[in-house]
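Contents: one structure, followed by commentary.
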Amino acid sequence: MSDMKPNESTPAEESADEPDWAAAKAHYENLKSKIPRPPKPRYAVTIAVSSRTLFDMVEERKIYQEQGLEKYVSYQVEHENEPLKPGAAFPFVKSLMAVNDRLRELYPDSEELFDIVLMTNNHAQVGVRLINSINHYGLLVERFCMTGGKSPIGYLKAYMTNLYLSKDSDKVTEAIDEGIAAATMFMPQTETQLSDTELRVAFDGDAVLFSDESEIIVKEHGLDTFFEHEKKFENKPLAQGPLKCFLEALGKLQRKFYAKNERLNCPIRTFLVTARSAASSGARVLKTLRSWGLEIDEALFLAGAPKGPLLQKIKPHIFFDDQMFHIEGANELGTISAHVPYGIGQKYHRGKLIEPEKKE
């Protein structure tokens with residue numbers, strides 16, 4: 001008599017099931033739809049955005065803080081047919097979709113596209129209003145992660161996230177500590193008309209694309225020592241910063257346009273906007289990018305001048321910087337900005353060391 005349990009299958013039966021599973025998988029993947037399907041995560045450039053960055057939820061957040069979770073959820077359910085207003089990340093997401101449209105024209109079968117994931121700690125009951133708002137604006141956001149009050153950071157790696165955008169600086173710091181490119185988004189004080197056909201991304205250099213090693217020297221030893229250090233190590237690449245991998249992902253998609261002789265019509269344009277001086281400390285930055293095999297479309301060295309007026313001309317969909325005073329200055333002039341809470345700059349405000357609060 002056999003000792004096999006009724007529900008157990010033999011290895012031969014299991015191998016016989018494999019072709020059926022493969023056939024079912026192939027059938028599903030070949031299903032056609034007028035709505036473009038999200039690309040597989042292993043091919044995509046995945047952008048995870050929180051609900052409060054994609055939409056303006058200031059009033060809803062106030063209800064949550066003043067009246068509690070139950071009132072907040074009830075309010076969202078009662079108003080689920082009213083679309084939420086666009087938030088700070090909305091123009092950025094729209095521009096990602098515009099790039100995807102161009103990529104699909106050139107590469108109809110390619111899955112090397114942007115994939116937008118809504119990553120939120122909202123309760124699932126709020127999901128209907130989020131879905132209705134997404135459909136109202138014609139956004140293509142098919143992947144959701146709703147964690148019901150728990151931090152969503154643990155899911156970022158599972159979604160193979162290339163960039164995480166949130167309004168919660170603690171979650172952003174947690175993501176960066178996990179090795180994921182992340183930033184805290186801020187709504188500009190004035191509205192600026194942005195390109196509908198070109199994704200424009202501006203990066204600060206030190207502590208954003210690069211590590212904060214050079215910024216440590218500036219803060220601790222002054223500019224003259226910094227200039228001497230950068231000249232001495234001009235041919236030694238800087239270590240990578242938290243957003244280097246995102247610039248790398250953008251470069252991967254840019255090269256797909258270059259391969260089709262579309263360099264001049266590429267809908268992705270990148271900018272380096274740095275407080276560094278060109279003659280005194282710029283060469284190391286450019287040589288570092290070259291050593292990484294990465295290109296930047298425009299490099300702007302400001303030698304300490306304010307970034308806001310220049311960003312007003314660039315009109316990026318998003319500007320990344322590690323210094324809050326640069327974020328504040330950009331926001332005042334209408335630039336959508338995202339703070340990268342990384343490096344020694346977090347210990348300073350407007351050049352002055354932040355003194356820790358004394359315990360009584």
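Excluded from the calculations below are hydrogen atoms, water molecules and symmetry mates; all remaining heavy atoms, backbone and side chain alike, are included.
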Sequence neighbours excluded, which residues qualify as ring pair (Phe, Tyr, Trp, His ring centres under 6.0 Å) partners of Y159?
-> none

Scan the side chains in residues 144-156 for donor-acceptor partners under 3.5 Å anywhere in the protein, sequence neighbours excluded, and list what turns up.
from: T147; atom 1: OG1; to: T120; atom 2: O; distance (Å): 3.4
from: T147; atom 1: OG1; to: K150; atom 2: O; distance (Å): 2.4
from: S151; atom 1: OG; to: I153; atom 2: N; distance (Å): 3.3

Spell out, yes or no, whether Y137 and I47 are grouped together once hydrophobic residues are joined by side-chain heavy atoms under 4.5 Å, including indirect joins.
-> yes

Distance-minimising heavy-atom pair for F319 and I327 = O-CD1, 4.4 Å

Would you find more than 12 non-hydrogen atoms of other residues, nucleotides or ligands less than 6.0 Å from Y75 atom OH?
-> yes

Nearest 0.5 Å please: distance from the NZ atom of K94 over to the NE2 atom of H317.
-> 10.5 Å

Without swapping roles, check the side chain of S277 against the backbone of A279 for a donor-acceptor pair under 3.5 Å.
-> no

Excluding sequence neighbours, so at least two apart, what forms salt bridge (charged side-chain N to carboxylate O under 4.0 Å, His left out) with K287?
-> E234

Does a side-chain heavy-atom distance below 4.5 Å link P316 with T335?
-> yes

Atom pair CZ/CD1 of R102 and I268 - distance to nearest 0.5 Å | 9.5 Å

Locate the shortest heavy-atom distance separating T288 from S291; write the atom from each residue and the value.
-> O-OG, 2.7 Å

Kindly compute the distance separating CG (L96) from CG (L140), expressed to the nearest 0.5 Å.
-> 11.5 Å

N/O donor-acceptor pairs under 3.5 Å from side chains in residues 297-307, not counting sequence neighbours:
from: D297; atom 1: OD2; to: Q254; atom 2: NE2; distance (Å): 3.0
from: D297; atom 1: OD2; to: T270; atom 2: N; distance (Å): 2.8
from: D297; atom 1: OD2; to: T270; atom 2: OG1; distance (Å): 3.2
from: E298; atom 1: OE2; to: R269; atom 2: NE; distance (Å): 2.9
from: E298; atom 1: OE2; to: R269; atom 2: NH2; distance (Å): 3.1
from: K307; atom 1: NZ; to: D204; atom 2: OD1; distance (Å): 3.0
from: K307; atom 1: NZ; to: V273; atom 2: O; distance (Å): 3.2
from: K307; atom 1: NZ; to: D321; atom 2: OD2; distance (Å): 2.7

Can you tell me how far CZ of F226 sits from CD of E220, rounded to the nearest 0.5 angstrom?
-> 13.5 Å

Are I116 and L139 co-members of a hydrophobic cluster defined by side-chain heavy atoms under 4.5 Å apart?
-> yes

Where do Q240 and W292 come nearest, in terms of heavy atoms and distance?
-> CA-CZ2, 3.7 Å

Are the side chain of S195 and the backbone N or O of E198 linked by a donor-acceptor pair below 3.5 Å?
-> yes

Within the side chain of T53, is there an N or O that forms a donor-acceptor pair under 3.5 Å with the backbone of S50?
-> yes

Non-hydrogen atoms of A183 and A338 that approach each other most closely | CB-CB, 3.6 Å

Is there a side-chain contact between R104 and N100 (heavy atoms, below 4.5 Å)?
-> yes

Parallel, tilted or perpendicular: ring planes of F203 versus F320, cut at 30 and 60 degrees = parallel

Contacts of K315 meeting side-chain contact (heavy atoms from CB on, under 4.5 Å) (sequence neighbours excluded), chain-then-number -> T192, L194

Do other residues, nucleotides or ligands put more than 12 heavy atoms under 6.0 Å from K252 NZ?
-> yes

Only distances under 3.5 Å count here; give the side-chain donor-acceptor pairs of residues 123-132 to other protein atoms, sequence neighbours excluded, each with its distance to 0.1 Å.
from: H123; atom 1: ND1; to: Q125; atom 2: N; distance (Å): 3.0
from: R129; atom 1: NE; to: H79; atom 2: O; distance (Å): 3.1
from: R129; atom 1: NE; to: E82; atom 2: O; distance (Å): 3.0
from: R129; atom 1: NH1; to: E60; atom 2: OE2; distance (Å): 2.9
from: R129; atom 1: NH1; to: Q76; atom 2: OE1; distance (Å): 2.7
from: R129; atom 1: NH2; to: E82; atom 2: O; distance (Å): 3.2
from: N132; atom 1: ND2; to: E80; atom 2: O; distance (Å): 2.9
from: N132; atom 1: ND2; to: V128; atom 2: O; distance (Å): 3.4

Would you call K244 and E248 a salt bridge, taking side-chain N to carboxylate O under 4.0 Å as the test?
-> yes

Check against side-chain contact (heavy atoms from CB on, under 4.5 Å), L84 and M57 | CA-CA 7 Å; L84 293 157; M57 300 179 69; 4.2 Å; yes

Any side-chain heavy-atom pair of D177 and E174 under 4.5 Å = no

Taking D322 for the side chain and V208 for the main chain, is one N or O donor matched with an acceptor at less than 3.5 Å?
-> no

May I ask you to check whether over 12 heavy atoms, not counting those of Y43, lie within 6.0 Å of atom OH?
-> no

Given side chains that start at C-beta, do those of E112 and Y107 come closer than 4.5 Å, heavy atoms only?
-> no

On a heavy-atom basis, the closest approach of A98 and D196 is CB-O, 3.6 Å

Going only through I, L, V, M, F, W and Y residues with side-chain contacts under 4.5 Å, is there a path from V99 to F271?
-> no

Just checking, is any N or O donor in the side chain of S214 or R276 under 3.5 Å from an acceptor N or O on the other one?
-> yes

Are L289 and F210 close enough, and set up right, to give a side-chain contact (heavy atoms from CB on, under 4.5 Å), and what steps lead you there?
-> CA-CA 9 Å; L289 291 170; F210 315 114; 4.2 Å; yes

Return yes when atom CD of Q65 has more than 12 non-hydrogen atoms of other residues, nucleotides or ligands closer than 6.0 Å, and no otherwise.
-> yes

L165, M97: one ILVMFWY side-chain cluster at the under-4.5 Å cut-off?
-> yes

Going by distance alone, is a donor N or O of one side chain under 3.5 Å from an acceptor N or O of the other, for N122 and Y72?
-> yes

Is the CD atom of Q67 crowded by more than 12 outside heavy atoms at less than 6.0 Å?
-> yes

What heavy-atom pair brings L333 and G308 nearest, and what distance separates the two atoms?
-> CD1-C, 3.4 Å

Hydrophobic cluster identity match, L199 and L272, side-chain contacts under 4.5 Å = yes

Spatial distance of atom CG (D206) from atom OH (Y342) [nearest 0.5 Å] = 10.5 Å

State whether a side-chain donor-acceptor pair under 3.5 Å links E213 with H229.
-> no

Could you walk me through whether V117 and T46 pass the side-chain contact (heavy atoms from CB on, under 4.5 Å) test, one step at a time?
-> CA-CA 7 Å; V117 177; T46 300; 3.7 Å; yes

When rounded to the nearest 0.5 angstrom, what is the spacing between OG in S337 and NE2 in H326?
-> 11.0 Å

Are K260 and E105 within salt-bridge range, i.e. N to O under 4.0 Å?
-> no

F257 side chain near L103 side chain, heavy-atom distance below 4.5 Å | yes

For D115 and P38, indicate whether the former's side chain and the latter's backbone hold a donor-acceptor pair under 3.5 Å.
-> no

Can K236 and R284 be said to form a side-chain contact (heavy atoms from CB on, under 4.5 Å), step by step?
-> CA-CA 7 Å; K236 180 184 178 183; R284 191 180 185 197; 4.2 Å; yes

